[in-house]
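Below is one structure, written out as structure tokens; comments come after it.
So you know, we letter chains A, B, ... as the sequences are listed, proteins then strands, and number each from 1.
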2 protein chains.
Amino acid sequence: MVTANPSTSVALDGNPYNQGCPTRRILDRIGDRWTVLVVGALGDDTARFSELKRRVEGISQKMLTQTLREMERDGLVIRTVFAQVPVKVEYRLTDAGISLRAPLKALEDWSIEHLGAVLTAQQFYDQE
Amino acid sequence: MVTANPSTSVALDGNPYNQGCPTRRILDRIGDRWTVLVVGALGDDTARFSELKRRVEGISQKMLTQTLREMERDGLVIRTVFAQVPVKVEYRLTDAGISLRAPLKALEDWSIEHLGAVLTAQQFYDQE
DNA sequence: CAGTATCCTTGTGGATACTG
DNA sequence: CAGTATCCACAAGGATACTG
């Protein structure tokens, strides 16, 4: 994300609130619903396409393919094809992908810690 | 997000990959493009609506209003209306909102740190 | 098995106009 | 100033069918 004061976050092209800011673009990519879940579903081990599809409940074949392609393009995932019939394809996180797990874990921890408060706040807000 | 092994993350309703998982719902909320930027734009100080609109480049009035309402509902932001003409409205992060800054900062740091590698990976991937 | 291709529905969000 | 209301365009994403 972005810090309180623009001047404290001068990375790469000035204003981080700027639409073209690279950090913002990256966050748009890794911040999407499915990428976050796929990183979690992969963890440290390798997994096949169908296994991933099973783990990430609710993802469609199309979105899983698309998400994995983008992650591969970003260097977050390695795709290995085994030339056999039927084809077998394994995915695993790269070092960069693995390094993403820590900040995402921090977010997950925040969610778990604040879930109760958020739900309470919502109920209070809604009953008015 | 979600950990490598489902069994290590049994918070609140079992499988975190589950579509109904509260953690997943929360992440959907705070993970969206504008919430992240508004948290950053608010920082520690209060800001008026128009000031926020100026800080978060590219946000429309509609989305800023909508984002602030949802954040208020979630207990992340406090909205204070000053009954004067013309009206003045101030926003500031609650303690919960402030606590969100740390994990989001971790993600921002990751982005800055890996930006170069990601861009390089993309170029390499695309030239094939 | 692991996709690709196509269609089609839906949601997201921008632009604009109006108001307490 | 800080919104609300309305309309509209586009893109994300699901369902389905087909393939190396």
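Closest contact between the side chain of B/Arg79 and the listed nucleotides D/dG3, C/dC1, D/dA2 involves D/dG3. Looking at the side chain of A/Thr65, the nearest of the listed nucleotides C/dT4, D/dC1, C/dC7 is C/dT4. With D/dG14, C/dG13, D/dC1 as the choices, the nucleotide that has an atom nearest any side-chain atom of B/Val87 turns out to be D/dC1.
For B/Leu64 and C/dG14, the CG to P distance is 11 Å, given to the nearest whole Å. Rounded to whole angstrom, the span from the CD1 atom of A/Ile59 across to the C1' atom of C/dG3 amounts to 14 Å. For the pair B/Gln66 CD and C/dG13 P, the computed distance is 7 Å after rounding to whole Å. The CZ atom of A/Phe82 sits 18 Å away from the C1' atom of D/dG20 (whole-angstrom rounding). Distance CG (A/Asp28) to C1' (D/dA11): 14 Å, rounded to an integer number of Å. Remark: P of C/dG13 and CG of B/Leu37 are 12 Å apart, rounded to the nearest angstrom. Residue B/Met63 contributes atom CE, which lies 15 Å from atom C1' of D/dG3 at whole-angstrom precision. One interatomic measurement links the two molecules: CH2 of A/Trp34 to P of D/dG13, which rounds to 8 Å at whole-angstrom precision.
Across all strands shown, A/Gln61 has heavy atoms under 4.0 Å from base atoms, whether or not it also approaches the sugar-phosphate. Among the protein residues, A/Tyr91 comes within range of the sugar-phosphate backbone only, with heavy atoms under 4.0 Å from sugar or phosphate atoms but none that close to a base.
Nearest-nucleotide positions on DNA chain D for A/Asp32 and B/Phe49 put B/Phe49 closer to the 5' end. Nearest-nucleotide positions on DNA chain D place A/Lys62 closer to the 5' end than the other of A/Pro86 and A/Lys62.
Taking 4.0 angstrom as the limit, B/Arg33 places none of its side-chain polar atoms (N or O) nearer than this to OP1 or OP2 of C/dG13. Contact between the side-chain N/O atoms of B/Arg48 and the OP1/OP2 oxygens of D/dA2 is found at a separation under 4.0 Å. Between C/dA2 and A/Ser50, a contact under 4.0 Å exists linking OP1 or OP2 to a side-chain N or O.
Across the strands present, D/dC18 finds its partner in C/dG3; the criterion is a Watson-Crick or G-U wobble pair with both atom distances under 3.5 angstrom.
Applying the ring-ring contact (aromatic ring centres under 6.0 Å, His included) rule to B/Trp34 yields no partners; only residues at least two apart in sequence or on another chain are considered.
Remark: side-chain polar atoms of A/Thr35 are not paired, donor with acceptor, to backbone N or O of A/Gly31 under 3.5 angstrom.
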Quiz prompt | Stepwise salt bridge (Lys or Arg N to Asp or Glu O under 4.0 Å) check, A/Asp28 with A/Arg24 | solution = CA-CA 6 Å; A/Asp28 279 352; A/Arg24 194 155 150 178; 5.5 Å; no

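The pair A/Arg54-A/Glu51 counts as a salt bridge, with a side-chain nitrogen and a carboxylate oxygen less than 4.0 angstrom apart.
For the side chain to side chain contact (heavy atoms under 4.5 Å, CB included) with A/Thr67, the qualifying choice from A/Val38, A/Val39, A/Val56 is A/Val38, the only one to do so.
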